[in-house]
Number of protein chains: 2
Amino acid sequence: MSSDLEVLQEALRGSGQRLTPQRMMVLSALAEQESHVTAETLLDLVRLDYPYINLSTIYRTLDLLVELGLVAETDLGGGVRQFELVGTHPHHHLICQRCGQTVEIGDDTLQPLRDRLQSHYGFEARMDHFAIFGVCKACREG
Amino acid sequence: MSSDLEVLQEALRGSGQRLTPQRMMVLSALAEQESHVTAETLLDLVRLDYPYINLSTIYRTLDLLVELGLVAETDLGGGVRQFELVGTHPHHHLICQRCGQTVEIGDDTLQPLRDRLQSHYGFEARMDHFAIFGVCKACREG
DNA sequence: CTTGCAGCTGCAAAGAGTCGCAATAAAGCG
DNA sequence: CGCTTTATTGCGACTCTTTGCAGCTGCAAG
Ligand SMILES: [Mn+2]
Ligand SMILES: [Mn+2]
Ligand SMILES: [Zn+2]
Ligand SMILES: [Zn+2]
């Protein structure tokens, strides 16, 4: 088993990219969270240790981590992007537009769709962290 | 058969909202397009007839039309939202992250997922106009 | 046809995220 | 360890979208 930092280090090495303190700090701040966070929140967290870090660096690092598949990013409805270390726990969210409640669903729910896109269109879909909006059971019945 | 304007009129009436000239102009500008357009493009189009219209009004009208299900909205990858009158032609897009090519797929492709979300979670998903990113067949083989 | 008032509009300013650029510093090498 | 190369950072400017607010107007009631 390899830690997230080792995965990052591994992924950067070879593609000519560098393992900077800023990147490590963003990753470790993410690792301490237990749910979605915004870039702004990460900025505040990292600044506790390193006051000079800039919001652009946070965003660029997050983009990189998303690219590498370590981090999932989605707008869950508030108009602000949320980030989350996914690692070994791929999932998606159902979000009720009436009451705001969100439910987490396993990635396997999307597998049939993935398969169909593959077989019908030859398209390899990368659906990492979907936000699916709609109306929940309680709201529909109430 | 009822025109888009009639649908709009119908939907506004009763919910206490108003059918303003600005809203009609945005809707008719959309109707003249045959594909996705940005808010900025709509601004330019409407300004040909009515130079005083403001970009906020365009966005607010689009939000309303999306809410009513008349218009679909998605960021197709360029970081700018695209709008489109959907009416009777519900569809989604597959977008290749390598070559940028997009393929339109029918809404029926998502029906099995919709059904599953309904039966497993009691969730009535509103998936109007998805942008699904991934790698197309040509790029994967090339 | 007038009036009244919520719902809209235009404007200016704020938020969220991106980009270009000069200065900095990882990494590889001798 | 010191040097070189080039990816990365911090910063300010910029783009896209939303919001607060004061004045305007659709529209329904009289
Ligand atoms: Mn999540
Ligand atoms: Mn479309
Ligand atoms: Zn609900
Ligand atoms: Zn492609």
Side-chain angles (χ1 to χ4, degrees), chain A residues 5-6 8-27 29 36-47 49-68 71-84 131, chain B residues 5-6 8-27 29 36-47 49-68 71-84 131:
Chain A
L5 208 157
E6 283 167 335
L8 177 63
Q9 205 158 5
E10 188 78 17
L12 296 182
R13 199 183 312 281
S15 57
Q17 296 178 91
R18 295 172 187 171
L19 187 61
T20 65
Q22 287 89 338
R23 287 175 173 175
M24 291 187 284
M25 286 188 279
V26 171
L27 185 65
H36 306 131
V37 269
T38 64
E40 203 82 35
T41 301
L42 286 171
L43 179 69
D44 293 343
L45 288 169
V46 172
R47 279 198 167 154
D49 288 338
Y50 176 63
Y52 306 110
I53 196 158
N54 189 271
L55 188 54
S56 312
T57 302
I58 303 281
Y59 274 111
R60 286 188 283 231
T61 301
L62 287 170
D63 288 347
L64 177 65
L65 294 172
V66 168
E67 196 98 2
L68 298 176
V71 164
E73 151 247 3
T74 315
D75 176 358
L76 295 172
V80 181
R81 282 192 290 166
Q82 304 282 337
F83 297 88
E84 181 184 33
Chain B
L5 207 158
E6 284 166 335
L8 178 62
Q9 207 158 4
E10 187 79 16
L12 296 183
R13 197 184 313 282
S15 58
Q17 296 177 94
R18 296 174 186 168
L19 188 61
T20 65
Q22 287 90 338
R23 287 175 175 177
M24 290 188 284
M25 288 187 278
V26 171
L27 185 65
H36 306 134
V37 271
T38 64
E40 203 82 36
T41 300
L42 286 172
L43 179 68
D44 294 343
L45 288 170
V46 173
R47 279 198 167 155
D49 289 338
Y50 176 63
Y52 307 110
I53 194 158
N54 189 271
L55 188 54
S56 314
T57 303
I58 303 280
Y59 275 112
R60 284 188 283 229
T61 301
L62 287 169
D63 287 348
L64 177 66
L65 294 172
V66 167
E67 196 98 1
L68 297 175
V71 163
E73 150 250 0
T74 317
D75 176 357
L76 295 171
V80 181
R81 280 194 291 164
Q82 304 283 337
F83 297 88
E84 181 183 33

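Letters A, B, ... mirror the listed sequences (proteins, then strands); counts begin at 1.
Across the protein-nucleic acid pair, Met24(B) atom CE and dT25(D) atom P stand 14 Å apart, rounded to whole Å. Between the CD1 atom of Ile58(B) and the P atom of dC11(C) there is a distance of 13 Å, given to the nearest Å. Whole-Å rounding puts the Leu42(B) CG to dC16(D) C1' distance at 15 Å. Summarising the geometry, the separation between CE on Met25(A) and C1' on dG10(D) is reported as 13 Å, rounded to the nearest angstrom. Rounded to whole angstrom, the span from the CG atom of Leu55(A) across to the C1' atom of dC14(D) amounts to 15 Å. Summarising the geometry, the separation between CG on Asn54(A) and P on dC21(C) is reported as 17 Å, rounded to the nearest angstrom. The OH-P distance, from Tyr59(A) to dG10(D), rounds to 16 Å in whole Å. Taking atom CZ of Arg60(B) as the reference point, atom P of dG7(C) lies 15 Å away to the nearest angstrom.
Listed here is the closest heavy atom pair of Ala131(B) and Asp75(B): CB-O, 4.0 Å.
Residues in residues 58-68 of chain A take part in no side-chain hydrogen bond (donor to acceptor under 3.5 Å, both in side chains) pair, two or more places apart or across chains.
Arg18(A) pairs by the side chain to side chain contact (heavy atoms under 4.5 Å, CB included) definition with Thr20(A), not counting sequence neighbours. With sequence neighbours excluded, no residue forms a side chain to side chain contact (heavy atoms under 4.5 Å, CB included) with Glu10(B). Remark: Asn54(A) pairs with Ser56(A) by the side chain to side chain donor-acceptor pair (under 3.5 Å) rule, at least two apart or across chains.
Between Leu45(B) and Val26(B) there is no side-chain heavy-atom pair separated by less than 4.5 Å. The shortest side-chain heavy-atom distance between Leu76(B) and His36(B) falls under the 4.5 Å cut-off.
Backbone-only contact: Arg81(A) has heavy atoms under 4.0 Å from sugar-phosphate atoms and none from a base.
DNA chain C is contacted by both Tyr52(B) and Ser15(B); Ser15(B) maps to the nucleotide lying nearer its 5′ end (nearest heavy atom per residue).
Atom OH of Tyr52(B) sits in a sparse spot, with 12 or fewer heavy atoms from other residues, nucleotides or ligands closer than 6.0 Å.
In this model, a side-chain donor or acceptor of Ser56(A) finds a partner on the base of dC19(C) within 3.5 Å.
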A correct 5'-to-3' footprint of nucleotides 25-30 of chain C, with B, S and - meaning base, sugar-phosphate only and no protein heavy atom under 4.0 Å, is BBS---
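The side chain of Tyr50(B) places no N or O atom within less than 4.0 Å of a non-bridging phosphate oxygen (OP1 or OP2) of dT9(C).
Among the nucleotides dG17(C), dG10(D), dT9(C), the one closest to any side-chain atom of Val80(A) is dG17(C).
Looking only at atom types and distance, the side chain of Gln17(B) has a donor-acceptor partner in the side chain of Ser15(B) under 3.5 Å away.
Two end axes, each from the C1' atoms of five base pairs, can be drawn for the helix from dC1(C)-dG30(D) to dG30(C)-dC1(D); they diverge by 30°, to 10 degrees.
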